[in-house]
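Sequence lines set the chain letters: A, B, ... in the order given, protein chains first and strands last, and positions in each chain run from 1.
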Amino acid sequence: MTTTNSVSGLRIGDLAAATGASARSLRYYEQQELITSERSLGGQRHYDDATVERVRLIRQLLAAGLGTETIREVLPCVHDPAARTPWLAERLAAELDRIDDRIDCLQRTRTTLAAVIKDYRAG
DNA sequence: GTTCTGACA
DNA sequence: TGTCAGTA
């Protein structure tokens with residue numbers, strides 16, 4: 001569309017380019033209430049500059065294996081100490097354990113694959 | 001041309 | 001998450 005209105009901010013294509021997330025993913029993040037946007041008269045989404053950093057963090061957490069529900073719960077306290085609660089601390093500790101388990105799993109797999117490759121190269 | 005929603009894979 | 005359809 002080429003509608004002109006007063007709504008400023010990044011359009012979904014801009015945010016996608018700035019974060020590496022696809023427009024499809026960005027709409028999904030919004031649907032999951034991980035990010036918010038304003039709508040122009042034509043219904044187009046417009047994002048605040050701060051959303052760029054937020055999306056990068058979301059993708060980092062997603063890549064680490066956290067689910068969207070967990071991210072939604074945890075995101076508020078990352079940059080806002082006031083949002084940190086005992087319950088959230090337990091939640092984060094649980095995620096830390098999961099990540100450690102995952103690291104262990106990856107490390108074992110790495111060792112296995114490395115051995116196979118070494119064996120192959122040795123002929 | 002870009003984005004929107006809903007739907008299917 | 002990609003992609004297709006029909007729009008605005």
Side-chain angles (χ1 to χ4, degrees):
Chain A
M1 272 198 268
T2 315
T3 51
T4 302
N5 56 60
S6 60
V7 180
S8 62
L10 297 74
R11 291 187 310 173
I12 197 165
D14 303 323
L15 185 58
T19 61
S22 66
R24 173 71 178 79
S25 294
L26 294 173
R27 294 190 194 100
Y28 176 68
Y29 297 163
E30 184 174 321
Q31 185 188 347
Q32 296 304 304
E33 300 183 89
L34 266 32
I35 58 176
T36 57
S37 70
E38 290 183 7
R39 297 302 187 103
S40 60
L41 265 46
Q44 286 193 346
R45 295 173 173 78
H46 290 267
Y47 303 93
D48 184 88
D49 290 345
T51 308
V52 173
E53 186 187 352
R54 190 179 174 83
V55 170
R56 286 179 180 152
L57 176 57
I58 289 171
R59 287 169 61 74
Q60 179 189 322
L61 296 173
L62 240 24
L66 277 69
T68 55
E69 184 178 347
T70 300
I71 294 176
R72 189 188 315 125
E73 298 167 343
V74 163
L75 219 48
C77 81
V78 176
H79 295 298
D80 180 16
R84 292 168 193 168
T85 66
W87 177 81
L88 223 32
E90 284 183 35
R91 198 78 186 71
L92 292 179
E95 289 308 319
L96 228 48
D97 287 340
R98 265 190 208 82
I99 290 175
D100 286 341
D101 287 345
R102 200 176 179 193
I103 290 174
D104 288 341
C105 180
L106 289 172
Q107 238 152 24
R108 283 194 295 275
T109 300
R110 189 192 185 289
T111 299
T112 300
L113 297 184
V116 172
I117 293 172
K118 182 180 180 181
D119 197 53
Y120 168 74
R121 288 177 176 160

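Atom CG of A:Leu61 and atom CD1 of A:Ile71 lie 5.0 Å apart (nearest 0.5 Å). If you take CG on A:Leu15 and CG on A:Asp48, they are separated by 10.5 Å, rounding to the nearest 0.5 Å. Going from atom CG of A:Leu34 over to atom OG of A:Ser25 covers 11.0 Å, rounded to the nearest 0.5 Å. We find the CG-CZ distance between A:Leu26 and A:Arg24 to be 10.5 Å, quoted to the nearest 0.5 Å. Between the CZ atom in A:Arg98 and the CG atom in A:Leu66 there is a gap of 8.0 Å [rounded to 0.5 Å].
Minimum interatomic distance between A:Glu30 and A:Arg39 (heavy atoms only, all atoms of both residues): OE2-NH2, 3.7 Å.
Placement of A:Tyr29 and A:Val78 within a single hydrophobic cluster is found when ILVMFWY residues are connected by side-chain heavy-atom separations under 4.5 Å, directly or transitively.
Remark: A:Ser22 is not in phosphate contact with C:dT1, judged by side-chain N or O atoms under 4.0 Å from OP1 or OP2. Remark: A:Tyr29 is in phosphate contact with C:dT1, judged by side-chain N or O atoms under 4.0 Å from OP1 or OP2.
A salt bridge does not link A:Arg56 to A:Glu53: none of the charged side-chain nitrogens sits closer than 4.0 Å to a carboxylate oxygen.
Atom-to-atom, CD1 of A:Ile12 to P of B:dT3 comes out at 7 Å; the value is rounded to the nearest Å. Residue A:Glu38 contributes atom CD, which lies 17 Å from atom P of B:dT3 at whole-angstrom precision. Following rounding to the nearest Å, A:Leu34 (CG) and C:dT1 (C1') show an atom-to-atom distance of 15 Å. Here B:dC4 presents its P atom at 11 Å from CG of A:Leu15, a figure rounded to the nearest Å. Summarising the geometry, the separation between OH on A:Tyr47 and P on B:dC4 is reported as 6 Å, rounded to the nearest angstrom. Rounded to an integer number of Å, the gap from A:Gln31 CD to C:dT1 P is 12 Å. We find that OH of A:Tyr28 is positioned 14 Å from C1' of C:dG2, with the value rounded to whole Å.
Less than 4.0 Å separates DNA chain B from no heavy atom of any residue of residues 48-59 of chain A.
Across all strands shown, nothing is found opposite B:dT3 as a Watson-Crick or G-U wobble partner with both distances under 3.5 Å. Within the shown strands, nothing qualifies as a pairing partner of C:dT7 under the Watson-Crick or G-U definition with both distances less than 3.5 Å.
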What does the list of N/O pairs under 3.5 Å between the protein and nucleotides 5-9 of chain B look like, with a distance for each?
from	atom 1	to	atom 2	distance (Å)
B:dT5	OP1	A:Arg39	NH1	3.1
B:dT5	OP1	A:Arg39	NH2	2.8
B:dT5	OP2	A:Arg45	NH1	2.8
B:dT5	OP2	A:Arg45	NH2	2.7

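Side-chain atoms of A:Asp97 do not come within 3.5 Å of backbone N or O of A:Ala94 as any donor-acceptor pair.
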